[in-house]
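Provided herewith is a single structure, encoded as structure tokens, for subsequent inquiry.
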Amino acid sequence: MKLSKLAAAAATLAAIPLAGAANFQIIWENHGPQPLSPLFWSVSDASFDIFAFGSPASAGIKRIAETGNATTMLGIAAAAGSSVQAFGTLSGGPLLPGQTRTANISADVSHGYFQFASMLGKTNDGFIGESLSSMGLNLFEGSTPTGFSVNIYGARAWDAGTEENTQNMADLAALGGSGNTPDSNSAIRVHETIVSGYGDSWQALPDWSNDTHLATVTVLPVPEPSSIAALALGAGLILRRKAKAS
């Protein structure tokens with residue numbers, strides 16, 4: 001059997017709707033140069049939004065962006081009740097440049113919006129993430145689970161607007177500082193990156209540009225066991241017919 005026929009059969013099975021619910025795998029990759037805090041993620045309906053570009057950050061995003069701690073954001077997701085079907089963090093500690101982490105989640109059609117946030121580990125209040133209002137990433141097309149892959153470049157690295165970017169050791173959690181120097185501009189915006197020569201620790205903070213490929217977040221459907229079995233059966237029948245014909 002030609003591989004193209006098997007691939008076509010697999011694609012057909014993968015496109016079969018799963019009665020409104022599906023399992024997915026998150027694949028989270030850090031391309032560097034910044035370490036990233038454990039990824040917060042949620043699947044929800046259209047009433048839940050973890051941040052809005054140009055608006056002040058919630059307490060949950062503030063804590064992620066300043067310290068990498070997602071506890072407050074987890075509490076906000078839990079308090080949203082039925083609007084949020086599932087949420088959590090990818091365990092295992094900070095994700096260093098070159099590392100990849102995976103996790104399995106479930107979502108249904110009415111809770112198809114996927115959102116995430118992670119601290120740019122060596123900044124005052126920098127983070128990467130996408131929200132309902134920023135990209136509106138949906139795991140379904142109609143009732144069909146499809147997933148997505150998002151390449152995150154420096155032009156979508158956010159400043160939470162909760163701390164001044166002093167680049168001083170005393171203000172940086174990653175360097176043992178306490179932070180909490182108020183920012184005069186409280187809006188979430190594109191991060192200005194690391195400013196050369198500014199602050200006492202700028203050389204210890206890995207810099208990036210708007211074109212730097214910082215990370216990739218991919219969420220893909222995981223075939224149900226019945227679909228995998230059907231694919232294997234179909235492939236076996238094709239191979240048997242080919243054997244008889246020869």
Side-chain angles (χ1 to χ4, degrees), residues 23-31 34-53 55-97 99-108 111-139 147-153 156-163 173-174 179 188-191 214-220:
N23 296 318
F24 296 85
Q25 183 180 55
I26 303 172
I27 305 168
W28 180 41
E29 304 169 81
N30 184 353
H31 304 298
Q34 285 271 336
L36 300 172
S37 69
L39 189 77
F40 167 83
W41 61 269
S42 67
V43 287
S44 70
D45 64 21
S47 68
F48 183 70
D49 198 5
I50 65 171
F51 69 86
F53 187 82
S55 297
S58 68
I61 290 296
K62 169 183 168 68
R63 194 169 183 190
I64 287 175
E66 292 181 4
T67 70
N69 190 319
T71 302
T72 303
M73 197 70 237
L74 292 169
I76 291 172
S82 61
S83 293
V84 179
Q85 180 183 9
F87 59 90
T89 58
L90 268 62
S91 60
L95 190 72
L96 302 179
Q99 292 184 336
T100 298
R101 197 158 292 151
T102 63
N104 291 329
I105 65 171
S106 296
D108 61 39
H111 296 86
Y113 289 104
F114 183 89
Q115 304 179 72
F116 64 92
S118 170
M119 180 189 185
L120 289 161
K122 292 187 176 182
T123 64
N124 286 93
D125 62 342
F127 73 103
I128 61 171
E130 296 297 344
S131 65
L132 179 75
S133 57
S134 69
M135 286 190 76
L137 297 168
N138 201 311
L139 298 172
F148 58 83
S149 185
V150 175
N151 291 308
I152 303 164
Y153 291 87
R156 295 189 74 83
W158 311 125
D159 187 317
T162 58
E163 286 187 3
I188 294 175
R189 58 194 185 273
V190 176
H191 201 288
L214 298 172
T216 301
V217 175
T218 301
V219 188
L220 296 175

Interatomic distance, Leu90 atom CG to Thr100 atom OG1 [nearest 0.5 angstrom]:
11.0 Å
Kindly indicate whether the side chain of Ile50, heavy atoms from C-beta on, has any atom under 4.5 Å from the side chain of Met73.
yes
Nearest 0.5 angstrom please: Glu66 CD to Asn124 CG, how far?
8.5 Å
Ignoring hydrogens, what is the shortest heavy-atom contact between Val43 and Ser106? Give both atom names and the distance.
CG2-O, 3.8 Å
Show the nearest heavy-atom pair for residues Phe51 and Asp49, with the distance to one decimal.
O-OD1, 3.2 Å
So, does Arg101 use its side chain to make a donor-acceptor pair with the main chain of Leu39 at under 3.5 Å?
no
Can you tell me how far apart CG (Leu214) and OG1 (Thr216) are? Round to the nearest 0.5 Å.
9.5 Å
When rounded to the nearest 0.5 angstrom, what is the spacing between OG1 in Thr102 and CD in Gln25?
5.0 Å
Around atom OH of Tyr113, are there more than 12 heavy atoms of other residues, nucleotides or ligands at under 6.0 Å?
no
Treating Gln99 as the side-chain partner and Leu96 as the backbone partner, does any N or O pair qualify as donor plus acceptor under 3.5 Å?
yes
Main-chain N/O of Phe48 paired to Gln115 side chain as donor or acceptor, under 3.5 Å
yes
Do the side chain of Asn30 and the main chain of Gln34 share a donor and acceptor less than 3.5 angstrom apart?
yes
Would you call Ile188 and Asp159 a side-chain contact if the rule is heavy atoms closer than 4.5 Å?
no
To check you understand the geometry: which heavy-atom pair defines the closest contact between Met119 and Ile64, and what is its length?
CB-O, 3.0 Å
Show the nearest heavy-atom pair for residues Ile61 and Ala160, with the distance to one decimal.
CG2-CB, 4.5 Å
Is a side-chain N or O of Trp158 found less than 3.5 angstrom from the main chain of Gly126, in a donor-acceptor match?
no
Using atom types as modelled and distance alone, determine if a side-chain donor or acceptor of Thr67 lies under 3.5 Å from a backbone N or O of Asn69.
yes
Lys62 NZ: over 12 foreign heavy atoms closer than 6.0 Å:
yes
Pairwise distance NE2(His31) to CG(Leu36) - rounded to 0.5 angstrom:
10.0 Å
Rounded at 0.5 Å granularity, tell me how far CG in Leu120 sits from OG in Ser37.
8.5 Å
Thr89 vs Trp41, test: side-chain contact (heavy atoms from CB on, under 4.5 Å). Steps then yes/no.
CA-CA 6 Å; Thr89 58; Trp41 61 269; 5.6 Å; no
Show the nearest heavy-atom pair for residues Phe24 and Val219, with the distance to one decimal.
CB-CG1, 3.7 Å
Establish, from distance only, whether the side-chain atoms of Thr123 and His191 form a donor-acceptor pair under 3.5 Å.
no
Where Lys122 and Pro35 come nearest, the two heavy atoms and their spacing
CG-CG, 4.0 Å
Between the main-chain N or O of Phe87 and the side-chain N or O of Ser42, is there a donor-acceptor pair closer than 3.5 Å?
no
May I ask you to check whether Phe116 and Trp28 place their ring centres under 6.0 Å from each other?
no
N/O donor-acceptor pair under 3.5 Å between Asp125 side chain and Glu163 backbone:
yes
Modelled atom types, side-chain donor and acceptor of Ser83 and Ser47, under 3.5 Å
yes
How about Leu139 and Phe148: do any of their side-chain heavy atoms sit closer than 4.5 Å?
yes
Mind running side-chain contact (heavy atoms from CB on, under 4.5 Å) on Thr218 and Ile26 for me, showing each step along the way?
CA-CA 6 Å; Thr218 301; Ile26 303 172; over 6 Å; no
Ignoring hydrogens and angles, state whether a donor on the side chain of Gln85 or Ser44 is under 3.5 Å from an acceptor on the partner side chain.
no
Is the shortest side-chain heavy-atom distance between Ile105 and Asn23 below 4.5 Å?
no
